[in-house]
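Below is one structure, written out as structure tokens; the observations come after it.
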There are 2 protein chains.
Amino acid sequence: MGLRERKKAETRAALSWAAIRLTVERGYEALRVEDIAAAAGVSPRTFNNYFSSKAEAITSRHLDRLVRFAAEVRRRPPAEPLWDALAGAALAGFEPGPEVIAHPVPDPVQWAAGLRVMVSEPALQGEMLRAGAAARDEIAAAVAERTGTDAAIDLYPHLVAAAVLAVVDTVTTHHLRTGASAPVERLLTEGFAMVAAGLPEPR
Amino acid sequence: MGLRERKKAETRAALSWAAIRLTVERGYEALRVEDIAAAAGVSPRTFNNYFSSKAEAITSRHLDRLVRFAAEVRRRPPAEPLWDALAGAALAGFEPGPEVIAHPVPDPVQWAAGLRVMVSEPALQGEMLRAGAAARDEIAAAVAERTGTDAAIDLYPHLVAAAVLAVVDTVTTHHLRTGASAPVERLLTEGFAMVAAGLPEPR
DNA sequence: CGAAACATTGCGGGTCACGCAATTACTGCG
DNA sequence: CGCAGTAATTGCGTGACCCGCAATGTTTCG
């Protein structure tokens with residue numbers, strides 16, 4: 001990777017990260033695109049060369065994570081049962097990456113509160129979900145590959161992809177809603193188990 | 001319902017319907033809010049009293065349908081198995097209502113083509129999904145009521161709601177993608193059956 | 001080293017969402 | 001019936017956003 005591409009990736013990451021951090025700190029409405037650009041050290045116009053909207057910048061990390069999830073599903077040994085692979089890939093995606101360890105959040109409590117405010121922002125919800133939809137095709141393709149189905153004609157791989165995203169989504173929402181009363185890992189495992197069991201009525 | 005409320009509902013419906021029709025005819029980008037307002041016979045400013053965005057106007061019927069779905073789930077006899085009730089409610093929601101019969105689409109083929117273009121519009125995808133998310137809580141509450149779970153603490157009802165929406169979403173997308181090669185009713189039935197069976201690997 | 005490819009930036013235009021205040025229309029009560 | 005209160009519609013003005021375009025500077029590659 002040449003200097004050019006590296007700088008581009010850095011700028012993109014800086015913009016995205018600044019967008020998230022500032023949104024958590026000040027709220028979505030109060031945040032101007034101008035501020036994000038300033039925090040990343042580029043002009044406002046450049047911001048729009050990387051992201052076509054404020055919301056997209058904020059949710060781009062979410063999309064990245066989902067794309068990595070799809071890649072991880074592909075990476076798993078083909079012999080592994082499908083749902084084990086899916087649950088495993090999801091759990092792997094929630095381990096804090098090296099960049100999070102390098103730049104830890106200053107105040108976790110305040111951060112979580114800001115996150116809650118952020119995800120309740122209408123404009124961001126739509127964009128988040130859109131990122132999920134974009135990743136869905138990728139995941140469906142990975143599932144199709146594993147199961148010998150055809151994403152172009154079979155309903156199955158798309159249904160699995162949608163179900164997986166539904167689990168991840170529901171779990172994270174639930175985790176935030178209940179104030180992190182249960183660890184994400186446990187909720188994820190439970191969620192995948194329930195879906196794989198057909199979500200039978202309890203009792 | 002007094003004259004006031006009726007006119008309000010009419011204006012709302014007229015705006016929403018005009019927004020959909022014009023989007024299908026001309027495309028999302030080319031359509032100005034001004035045009036929608038004109039087609040509904042109100043001022044552009046009034047449009048924003050009813051809907052806070054072009055996208056919201058277009059997707060409002062989708063949201064209505066999902067809310068009716070939740071109501072239908074509540075209406076079903078409590079003795080009915082959960083997944084039968086969910087599938088039944090979904091199927092009921094796809095029967096054409098009286099207003100569709102009264103105002104049929106002029107050219108179904110062209111209409112379907114326009115719909116495909118419409119749902120591929122990024123801004124609308126987000127808003128559609130947001131409508132789904134809004135309805136999710138409603139559905140989760142209905143499911144919680146039926147199953148004796150608690151939407152405030154249990155993961156189960158939310159997971160079921162998300163899964164149901166995933167099925168409906170996937171089926172409609174698949175239906176459009178494959179050019180209506182299979183009837184929606186059959187796809188829906190299949191989808192619900194697969195999910196209720198835990199989406200086992202085929203073969 | 002030189003040319004081509006590419007990123008960044010400023011400028012300008014078109015659109016959009018919304019607060020505010022005035023006008024008009026409906027509602028319910030005496 | 002009339003009247004006061006409540007609510008809906010509208011025009012205007014503002015701030016923000018997204019993007020096309022062209023100029024400038026930087027990296028890449030032959």
Side-chain angles (χ1 to χ4, degrees), chain A residues 1-20 22-23 25-60 63 118 120-128 130-131, chain B residues 1-20 22-23 26-60 63 118 120-127 130-131:
Chain A
M1 189 197 282
L3 202 167
R4 210 169 193 139
E5 289 179 56
R6 183 167 58 249
K7 285 205 85 167
K8 237 187 128 164
E10 276 171 18
T11 302
R12 187 183 174 84
L15 280 170
S16 166
W17 172 240
I20 295 173
L22 292 174
T23 301
E25 284 173 8
R26 306 188 206 164
Y28 182 73
E29 284 299 322
L31 179 61
R32 300 292 98 111
V33 168
E34 191 186 343
D35 303 331
I36 303 173
V42 296
S43 85
R45 182 65 185 82
T46 297
F47 172 87
N48 277 92
N49 290 341
Y50 283 89
F51 301 104
S52 64
S53 76
K54 228 194 326 177
E56 189 183 315
I58 295 170
T59 58
S60 80
L63 176 56
M118 190 173 109
S120 69
E121 198 68 39
L124 289 181
Q125 287 179 8
E127 195 66 22
M128 286 269 192
R130 216 167 70 71
Chain B
M1 191 197 279
L3 202 168
R4 213 169 191 142
E5 290 179 57
R6 183 168 58 249
K7 284 205 85 166
K8 235 185 130 164
E10 276 171 18
T11 301
R12 188 183 174 85
L15 281 171
S16 167
W17 172 241
I20 294 173
L22 292 174
T23 301
R26 305 188 206 165
Y28 182 74
E29 284 298 323
L31 179 61
R32 301 291 97 117
V33 168
E34 191 186 344
D35 304 330
I36 304 172
V42 297
S43 85
R45 183 62 185 81
T46 297
F47 173 87
N48 275 90
N49 289 341
Y50 284 89
F51 301 104
S52 65
S53 76
K54 229 193 325 177
E56 189 183 315
I58 295 170
T59 58
S60 79
L63 177 56
M118 190 173 109
S120 69
E121 197 68 41
L124 289 181
Q125 287 180 6
E127 195 67 22
R130 217 168 69 72

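Throughout, protein chains are lettered first and strands after them, A, B, ... in sequence-line order, and every chain is numbered starting at 1. Values below: every heavy atom of this structure, side chains too, minus hydrogens, waters and symmetry copies.
Between the P atom of D:dT26 and the CZ atom of A:R6 lies a distance of 17 Å, rounded to the nearest Å. Look at CG on B:L31: it is 15 Å from C1' on C:dG14, rounded to the nearest Å. Distance, A:K54 NZ to C:dA17 C1': 12 Å, rounded to whole Å. In this entry the distance linking NZ of A:K8 with P of C:dC6 reads 9 Å, nearest Å. If you measure from atom CD of B:E34 to atom P of D:dC12, you get 13 Å, rounded to the nearest angstrom.
Annotation: the span from A:L15 atom CG to A:I36 atom CD1 amounts to 8.0 Å, rounded to 0.5 Å. Rounded to the nearest 0.5 angstrom, B:T59 OG1 and B:E127 CD are separated by 4.5 Å. Atom CG of B:L63 sits about 9.0 Å away from atom CZ of B:R130, to the nearest 0.5 Å.
For the OP1/OP2 pair of D:dA8 and a distance below 4.0 Å, the side-chain nitrogens and oxygens of B:K7 include no atom meeting the criterion.
A:E25 meets the salt bridge (charged side-chain N to carboxylate O under 4.0 Å, His left out) test with A:R21; sequence neighbours excluded.
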Test side-chain contact (heavy atoms from CB on, under 4.5 Å) on A:E121 and A:I58; report intermediate values, then the result.
CA-CA 12 Å; A:E121 198 68 39; A:I58 295 170; over 6 Å; no

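Pairs engaging residues 11-20 of chain B under the side-chain hydrogen bond (donor to acceptor under 3.5 Å, both in side chains) rule: B:S16-B:S60 [sequence neighbours left out].
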With a 3.5 Å cut-off and sequence neighbours excluded, list the donor-acceptor pairs that the side chains of residues 39-47 of chain A form with protein atoms.
from, atom 1, to, atom 2, distance (Å)
A:S43, OG, A:R45, N, 3.3
A:S43, OG, A:T46, N, 3.2
A:S43, OG, A:T46, OG1, 3.2
A:R45, NH1, A:N49, OD1, 2.9

Please report, to 0.1 Å, the donor-acceptor pairs under 3.5 Å made by any side chain of residues 26-33 of chain B, with sequence neighbours excluded.
from, atom 1, to, atom 2, distance (Å)
B:R26, NH1, B:D35, OD2, 3.3
B:R32, NH2, B:E29, O, 2.2

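Against DNA chain C, the stretch residues 35-52 of chain B makes heavy-atom approaches under 4.0 Å through B:R45, B:N48, B:S52.
Note that the two end axes of the helix from C:dC1-D:dG30 to C:dG30-D:dC1 enclose an angle of 30°, each drawn from 5 base pairs, rounded to 10 degrees.
Where A:A55 and B:T11 meet DNA chain D, the nucleotide closest to each residue was compared, and B:T11 sits on the side nearer the 5' end.
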